[in-house]
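Input: a single structure, listed below in structure tokens.
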Protein chains: 2
Amino acid sequence: MKQAQINPRKTPTQARAKASVQAILQAAAHILERGGLETLTTNYVAEVAGVSIGTLYQYYPSKEAILTDIIRQKRARLLEDLQAATLEMHNESFDVTLAKLLHAAVESQLHWPKLSKALEYAESFLPLEQETRVLNEQINQTIVAFLEHHQVADAPVAARDLVSALRGMIDGAGLAGETDARALFERALKLAKGYLA
Amino acid sequence: MKQAQINPRKTPTQARAKASVQAILQAAAHILERGGLETLTTNYVAEVAGVSIGTLYQYYPSKEAILTDIIRQKRARLLEDLQAATLEMHNESFDVTLAKLLHAAVESQLHWPKLSKALEYAESFLPLEQETRVLNEQINQTIVAFLEHHQVADAPVAARDLVSALRGMIDGAGLAGETDARALFERALKLAKGYLA
DNA sequence: GCAATATTCGAGCGAATACTCACATTTCTC
DNA sequence: GAGAAATGTGAGTATTCGCTCGAATATTGC
């Protein structure tokens, strides 16, 4: 089991190169949403992206590097949304901030459930790059800070429980074909408030 | 993407053949718990099991067939436990039966978290055999019946929410290194009772 | 004990797939 | 517009891995 290189190979400067990289990432995400991890092959990604296999390897040294980059992007986006949700938490009630957090969580997962699940599973065996590990830590800290601010006992454990339970629930709903974010959000709220009561 | 044959090839009759099959299943589970789906190769399973690759293919026509068989066994065991938990539900309080159910859920997942997660992911792309689909349906029905017996509104949706949320939470705890089933059980109880309150 | 049957063995085949490289094309720079 | 730099190409290589098959060995039934 050789250790795959995961850091991007070179950064595109020209516009068409940036477009190639975007096409590769989008194609990979699309393939994951359609068929899951086992259908993700580098040749297929290149084909769907409309670039040659050589171009793909100009920017990513391995299949794992592509996966890692997608995970990094998703996590960065989620962190941004969670931080926005807790920005005013000192002036807001517990309920209001919690609602904002759960809204962000539902939006980040419900619409691409197979992709979410595939990335989540991939994360469990990929050697994540430094940057992504930091993002994950910041996401966790954001939740922990929110819980502690409202005197929740055992905030680190509660954060982990809530995050993993909600991930499971949202994915479960998405895979079952649910698309009504509002309805799911209400149930997520029940789950979280119930656990924290 | 060819469709893999998943039904067992032939059933062992002699004792040593049964031992071979058991060794294969155990080896596969062990490999999944150690390294996940991408480290599960048929040659490696045979090696760990201490049988030749030819022997493996006497009983399983494909790698998928092995995975499917492991899933079937786990599900059968879980269903048994859940049915035992709800056996007396007509004479018991909601809380007592719920506790039994959650106990079974925690026991079935906490001790082999990587295996659980790998199987769960595998289930999302494998063409499950009839028998396993029936088992899954019975598991679901057991939960739905319990919820309906206690007048829970929207029992099918609630059952799906709870099952997927608890799966996520238990896996999350296991992967984080928790081993205290009792402590986790208490939190699972909070989660479930909170959601259903 | 002897045939019939069940089981085991593992070298090796074929297909899938990650990845390279020498060369072609486009874009930038001045 | 010319040279340099960046980008794109895809046939081809190397390796991994699922799986077969023909031959050897063990067990059973009579």
Side-chain angles (χ1 to χ4, degrees), chain A residues 1-28 31-32 35-70 122 125-127, chain B residues 1-28 31-32 35-70 122 125-127:
Chain A
M1 188 67 57
K2 72 158 182 287
Q3 184 80 336
Q5 181 58 37
I6 56 164
N7 294 318
R9 194 161 251 175
K10 68 167 148 184
T11 29
T13 60
Q14 297 181 6
R16 74 183 162 142
K18 282 178 185 154
S20 292
V21 170
Q22 278 314 304
I24 290 165
L25 289 175
Q26 268 192 268
I31 291 167
L32 287 174
L37 273 174
E38 75 291 350
T39 65
L40 189 81
T41 69
T42 51
N43 288 291
Y44 188 37
V45 170
E47 182 193 327
V48 171
V51 304
S52 79
I53 182 67
T55 294
L56 185 152
Y57 276 96
Q58 290 282 327
Y59 302 102
Y60 294 102
S62 69
K63 189 170 81 162
E64 285 74 20
I66 302 174
L67 271 172
T68 304
D69 209 22
I70 296 178
F125 64 84
L126 284 181
Chain B
M1 189 64 59
K2 74 157 184 287
Q3 186 79 337
Q5 183 56 38
I6 56 163
N7 294 318
R9 195 162 251 176
K10 68 167 147 182
T11 28
T13 59
Q14 295 183 8
R16 73 184 163 140
K18 281 177 186 157
S20 291
V21 170
Q22 279 313 305
I24 289 165
L25 288 175
Q26 267 192 268
I31 291 167
L32 287 174
L37 274 174
E38 74 292 350
T39 66
L40 189 82
T41 68
T42 50
N43 286 290
Y44 188 37
V45 170
E47 183 193 327
V48 172
V51 304
S52 79
I53 184 65
T55 296
L56 186 152
Y57 277 96
Q58 288 288 323
Y59 303 103
Y60 294 102
S62 69
K63 188 169 80 161
E64 285 74 20
I66 302 174
L67 271 172
T68 304
D69 209 22
I70 296 178
F125 64 83
L126 285 180

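Here is the naming used below: chain letters follow the sequence lines, and residue numbers restart at 1 for every chain. Just so it is clear, the values below take in all heavy atoms, side chains as well, and ignore hydrogens, waters and symmetry mates.
Per the geometry, CD belonging to A/E47 stands 14 Å off C1' belonging to C/dT17, to the nearest Å. Here C/dG10 presents its P atom at 14 Å from CD of B/Q58, a figure rounded to the nearest Å. The distance from atom OH of B/Y44 to atom P of D/dT15 is 21 Å, rounded to the nearest whole Å. Rounding to whole angstrom units, NZ of residue B/K18 and C1' of D/dA26 are separated by 17 Å. In this structure, the CD1 atom of A/I24 is 8 Å from the P atom of D/dG8, given to the nearest Å. In this structure, the CD atom of B/E38 is 22 Å from the P atom of C/dA16, given to the nearest Å. In this structure, A/L56 atom CG and D/dT7 atom C1' are separated by 14 Å, rounded to whole Å.
Side-chain proximity of A/K63 to C/dA18, C/dG10, C/dC9: nearest is C/dA18. The listed nucleotides are D/dG18, C/dA18, D/dG8; the one nearest the side chain of A/T42 is C/dA18. Here the side chain of A/N43 is nearest to one of D/dG8, C/dA18, C/dC9, namely C/dA18. In the set C/dC19, C/dA11, C/dC28, C/dC28 carries the atom at the smallest distance from any side-chain atom of A/Q14. Of all nucleotides listed (D/dT9, D/dT7, C/dT8), C/dT8 comes nearest to the side chain of B/R16. The nucleotide whose nearest atom lies closest to any side-chain atom of B/A17 is, among D/dC19, C/dC9, C/dT7, C/dT7.
The two atoms that bring B/A28 and B/I70 nearest to each other are CB-CD1, 3.7 Å, heavy atoms only.
Using a 4.0 Å heavy-atom distance criterion, A/T41 is classed as a sugar-phosphate-only contact. Within 4.0 Å of B/L40, counting heavy atoms only, lie sugar-phosphate atoms of the nucleic acid but no base atom.
Distance check: B/N43 CG to B/L56 CG gives 8.5 Å after rounding to the nearest 0.5 Å.
Neither OP1 nor OP2 of C/dG10 sits under 4.0 Å from any side-chain N or O of B/S52. Regarding contacts with the backbone of C/dT8, a side-chain N or O of B/Y59 is found under 4.0 angstrom from either OP1 or OP2. The shortest distance between the side-chain N/O atoms of B/S20 and the OP1/OP2 oxygens of C/dT8 is below 4.0 Å. Taking 4.0 angstrom as the limit, A/Y57 places a side-chain polar atom (N or O) nearer than this to OP1 or OP2 of C/dC19.
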> Passes side-chain contact (heavy atoms from CB on, under 4.5 Å), A/L67 versus A/L40? Steps please.
Replying inline: CA-CA 10 Å; A/L67 271 172; A/L40 189 81; 4.0 Å; yes
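In this structure, A/S62 contributes its side chain and A/Q5 its backbone to a donor-acceptor pair below 3.5 Å.
At most 12 non-hydrogen atoms from other residues, nucleotides or ligands lie less than 6.0 angstrom from OH of B/Y44.
For A/G54 and B/P12, each mapped to the nucleotide of DNA chain C holding its nearest heavy atom, the one lying further toward the 5' end belongs to B/P12. Of the residues near DNA chain C, B/T13 and B/I53, the one whose nearest nucleotide (by heavy atom distance) lies more toward the 5' end is B/T13. Both B/A15 and B/P61 lie close to DNA chain D; mapped to their nearest nucleotides by heavy-atom distance, the more 5′-ward contact belongs to B/P61.
Between B/Y60 and B/L25, the closest side-chain pair of non-hydrogen atoms falls below 4.5 Å.
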